[in-house]
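Everything numeric here is computed off the predicted structure, so don't read it as measured data. In each ligand, atom 1 is the first atom listed, and ligand 1 is the first ligand listed. Heavy-atom basis, side chains included; hydrogens, waters and symmetry copies ignored. Positions are given from 1, in the same order as the sequence printed here.
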Amino acid sequence: FEPVSVGIAIGAVSALTGYLSYTDFYCRFTECCHEERPLNTSALKLDLEEKLFGQHLATEVILKALTGFRNNKNSKKPLTLSLHGWAGTGKNFISQIVAENLYPKGLKSNFVHLFVSTLHFPHEQKINVYQDQLQKWIRGNVSACGSSVFIFDEMDKLHPGIIDAIKPFLDYYEQVDGISYRRAIFIFLSNAGGDLITKTALDFWRAGRKREEIQLKDLEPVLSVGVFNNKHSGLWHSGLIDKNLIDYFIPFLPLEYKHVKMCVRAEMRARGAAVDEDVVTSVADEMTFFPKDEKIYSDKGCKTVQSRLDFH
Ligand SMILES: Nc1ncnc2c1ncn2[C@@H]1O[C@H](COP(=O)(O)OP(=O)(O)OP(=O)(O)O)[C@@H](O)[C@H]1O
């Protein structure tokens, strides 16, 4: 060996490892974007299976979509998911689980952004201003972190047309004005289509079929058409649907009595209390169920479980 080149090689290696450990060290104290970090699929799967009740379709599709997207280094467009269902069925909850699996700080991460229609875009006469602001906000954040996550809650309360401002970012472009949006994730949450989902779930129930037999193909086409034609879906006649820029329409099924009970138990455990089945039953019994005759589905899902538990 020639001493000089060995010295240079050692220097280079130590400089490199020094740099790497510096990056690791740095990211321990400051949040880093980690654009290329693959998703820990088994951790996400476990989280969904343990925490999300009664949503076999959402669990399956989210897992498949996120794993495929994050592990594909050459995605051609950002991932766009549209979550639909009745109130309190877990749409915000699953977004939180997804966010936490992508970034340890979850919804508090600098790379996860939540928009709430009634809060951020309240005035119909300001649509143009909102469109402009939205574009700037998304451009700025994606240029800082390519794998940013944007969650739009209450899509059904969004004035028609606003969302189309982000259409260029969701399309199959390599770059838009020098920025690539291909690693970003967009999640839309909406009650629109909840009636269609409930109808299908009821049809299965009345036919004596199991809820778990409902497949994505029973609902996805109905949902995309229903939402496109619904003036109050936030996606009414939207170019996002028209141009097939939404990768998955994900149905959230209405929750049954047994799921409400599961939510009560989960909440008790989260509070560090022992599970008391008498309390579980009385909280679940206080919820209201529909349709009028059969009373199968909770009309608020699991939404008021936490506050009701405070009274026991
Ligand atoms: N399927 C579920 N599995 C477990 N917990 C659930 C589920 N659905 C709802 N919850 C519980 O109820 C709370 C409220 O649900 P969430 O905010 O996710 O409802 P949502 O579908 O987003 O409703 P909305 O359409 O009214 O915004 C959650 O924080 C969670 O604790």
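- Near Leu52, meaning under 4.0 Å from one of its heavy atoms, ligand 1 places the atoms 1 (N), 2 (C), 3 (N).
- Judged by distance alone, the side chains of Thr89 and Gln55 never bring a donor and an acceptor atom under 3.5 Å apart.
- Ligand-side atoms of ligand 1 in range of Asn191: 25 (O), range being under 4.0 angstrom from any heavy atom.
- Lys303 meets the salt bridge (Lys or Arg N to Asp or Glu O under 4.0 Å) test with no other residue; sequence neighbours excluded.
- In this structure, His113 and Trp137 have perpendicular ring planes: the angle between them is above 60°, well past the 30° mark.
- At a heavy-atom distance under 4.0 Å, only side-chain atoms of Cys263, from C-beta outward, approach ligand 1.
- In this comparison of Gly54, Ser298, Gly88, Gly85, the heavy atom closest to atom 19 (O) of ligand 1 sits on Gly88.
- Heavy-atom separations between Lys51 and ligand 1 include at least one value shorter than 4.0 Å.
- Atom 13 (C) of ligand 1 has its closest protein heavy atom at Cys302 O, 4.3 Å.
- Polar contact with ligand 1: absent for Ala87 (N/O pair, distance under 3.5 Å).
- When only non-hydrogen protein atoms are considered, atom 27 (O) of ligand 1 lies nearest to Asn92 ND2, 3.3 Å.
- At least one N/O-N/O distance between Thr89 and ligand 1 falls below 3.5 Å.
- Between Thr281 and Lys261, some side-chain heavy-atom pair lies under the 4.5 Å cut-off.
- Relative orientation of the Tyr130 and Phe121 rings is perpendicular, given thresholds of 30° and 60° on the angle between their planes.
- Protein heavy atom at the shortest distance from atom 26 (O) of ligand 1 is Lys303 NZ, 2.4 Å.
- Of the listed residues (Leu83, Leu107, Asp153, Ile97), just one forms a side chain to side chain contact (heavy atoms under 4.5 Å, CB included) with Asn92, and that residue is Asp153.
- Looking at atom 29 (O) of ligand 1, its nearest protein heavy atom turns out to be Phe93 CD1, 4.0 Å.
- Although no hydrogens or angles enter the test, the distance criterion places a donor-acceptor pair under 3.5 Å between the side chain of His259 and the main chain of Glu256.
- Counting heavy atoms under 4.0 Å from ligand 1, residue Gln306 touches it through the side chain alone.
- The protein atom (non-hydrogen) at minimum distance from atom 1 (N) of ligand 1 is Phe53 O, 2.9 Å.
- Contact analysis leaves Leu189 out of contact with ligand 1, as no non-hydrogen atom separation drops below 4.0 angstrom.
- Atom 21 (O) of ligand 1 has as its closest protein heavy atom Lys91 NZ, 2.7 Å.
- Cluster annotation: Ile179 and Phe169 are assigned to the same hydrophobic cluster (Ile/Leu/Val/Met/Phe/Trp/Tyr, side-chain heavy-atom contacts under 4.5 Å, transitive).
- Geometrically, Arg139 does not engage Tyr181 in a cation-pi contact defined by less than 6.0 Å to the ring centre and at most 45° from the axis.
- Under the 4.5 Å side-chain heavy-atom criterion for Ile, Leu, Val, Met, Phe, Trp and Tyr, Trp86 and Leu57 are members of distinct hydrophobic clusters.
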